[in-house]
Structures are given as C-alpha cells and as structure tokens.
Amino acid sequence: MSIQEAVPYDPRSVPLGRRCVARLAVGCAHLLAVLPPHRIRTVLTRLRGGSRPATLAEASAARETVLAVSLAAGGQKGCLVRSLATVLLCRWYGQWPTWCVGVRVRPPFAAHTWVEAEGVLVGEGAPSDYYRRFFAVECPRNARRTTADRAE
C-alpha cells in the first residue's frame with residue numbers, strides 16, 4: 001500500500017459531476033470484478049474502442065478521484081476495483097490508460113492489477129520492474145504501435 005492510499009482523499013474536493021461519474025465507475029468496477037479475468041479483458045477490449053491514450057496526469061487524476069469516492073478501492077486488497085474504476089472513469093472522458101494484470105516479483109508474491117500511462121505505473125509507488133505483467137488492455141492506438149514496433 002502506498003503512502004497516498006493511507007491518506008484518504010476528501011470527496012468534497014472533487015466537483016459534484018465528476019464525483020457522480022466516479023461513483024458510477026466504482027459501481028461498474030465492482031460488477032466487473034466478480035467476472036473471470038478473460039471476461040473482464042473482453043469487456044475492457046470492447047470499451048476501449050475510439051479512445052485516445054491517457055496521459056499520466058489524466059490517469060493519476062482519475063485514480064485520485066476513485067480513491068476520493070471509494071474507501072474499498074483504497075484498501076490493500078482493492079487493486080482490482082481501483083484499477084477497473086480508474087480505466088472506466090478515464091474512458092468516460094475519452095481516454096484509455098493501460099490496464100494491467102500480473103504479479104509482484106518480490107516477496108510477498110501476490111496477484112495485482114494496476115494502471116499504466118505513458119509507460120509509468122500510476123500511483124503505485126513502486127519501480128516498473130516490481131510487477132510482472134501477464135496481460136494488458138492497451139489503448140487501440142498503443143496496441144497498434146506496439147505490434148508495429150515488434151515487427152521491426
């Protein structure tokens with residue numbers, strides 16, 4: 001758990017409209033979180049269409065908003081809901097960060113989900129090699145670029 005997660009955000013610091021959208025995103029994230037990983041991946045792959053890559057600032061703001069409106073998302077075991085709500089909130093505004101599923105590579109080993117933007121872990125407080133990615137749902141524009149880079 002990072003230091004940011006230990007200090008709760010004030011929901012009143014978020015404008016009412018954004019707060020309502022964030023609560024909707026958190027509710028949808030809770031519904032998605034009960035699905036098997038391949039279903040979540042399928043849903044997110046369909047939702048990402050037509051979006052543009054989220055900047056680090058946009059993804060960080062979305063994550064902070066999610067943490068402000070949901071205590072469950074801020075907990076140590078809230079990574080799935082937190083990451084899903086973050087990507088859903090970004091998608092509402094036409095952006096898409098990379099949603100990642102993987103594990104910590106250093107003890108204690110555990111499954112984890114997180115969000116990346118501009119190749120940086122968003123709000124995790126850990127170096128990029130702290131997690132091993134199993135799969136990710138990237139912005140369609142990033143996915144095409146990554147595939148083209150691999151072909152070269």
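Among residues at least two apart or in separate chains, there is no salt bridge (Lys or Arg N to Asp or Glu O under 4.0 Å) pair with a member in residues 68-81. Among residue pairs with one or both ends in residues 18-31, none qualify as salt bridge (Lys or Arg N to Asp or Glu O under 4.0 Å); sequence neighbours excluded. Judged as a salt bridge (Lys or Arg N to Asp or Glu O under 4.0 Å), the pairs with a partner in residues 110-119 (not counting sequence neighbours) are, in order, E116-R133. Judged as a salt bridge (Lys or Arg N to Asp or Glu O under 4.0 Å), the pairs with a partner in residues 92-110 (not counting sequence neighbours) are, in order, R106-D129.
With a 4.5 Å cut-off between side-chain heavy atoms of Ile, Leu, Val, Met, Phe, Trp and Tyr, the cluster of Y130 takes in W114, L121, Y131. In this structure, L16 shares a hydrophobic cluster with no other residue, the cluster being traced through Ile, Leu, Val, Met, Phe, Trp and Tyr side chains under 4.5 angstrom apart.
When the side-chain contact (heavy atoms from CB on, under 4.5 Å) test is applied to S128, no partner is found at least two apart in sequence or on another chain. Evaluation of the side chain to side chain donor-acceptor pair (under 3.5 Å) rule for R12 yields D10 as partners, not counting sequence neighbours. Residues satisfying the side-chain contact (heavy atoms from CB on, under 4.5 Å) criterion with A68, sequence neighbours excluded, are Y9, V14. Considering only residues two or more places apart in sequence or on other chains, T55 meets the side chain to side chain donor-acceptor pair (under 3.5 Å) condition with E58.
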Give the table of side-chain donor-acceptor pairs shorter than 3.5 Å for residues 83-93, with sequence neighbours excluded, one pair per line with atom names and distance.
residue, atom, partner, partner atom, Å
S83, OG, C79, O, 3.0
S83, OG, L80, O, 3.1
S83, OG, W99, NE1, 2.9
S83, OG, T113, OG1, 3.0
T86, OG1, R82, O, 2.7
R91, NE, L47, O, 2.6
R91, NH2, G49, O, 2.7

Sequence neighbours left out, cut at 3.5 Å: what donor-acceptor pairs do the side chains of residues 27-39 make with other protein atoms?
none

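In this structure, the side chain of S60 engages the main chain of L56 through a donor-acceptor pair within 3.5 Å.
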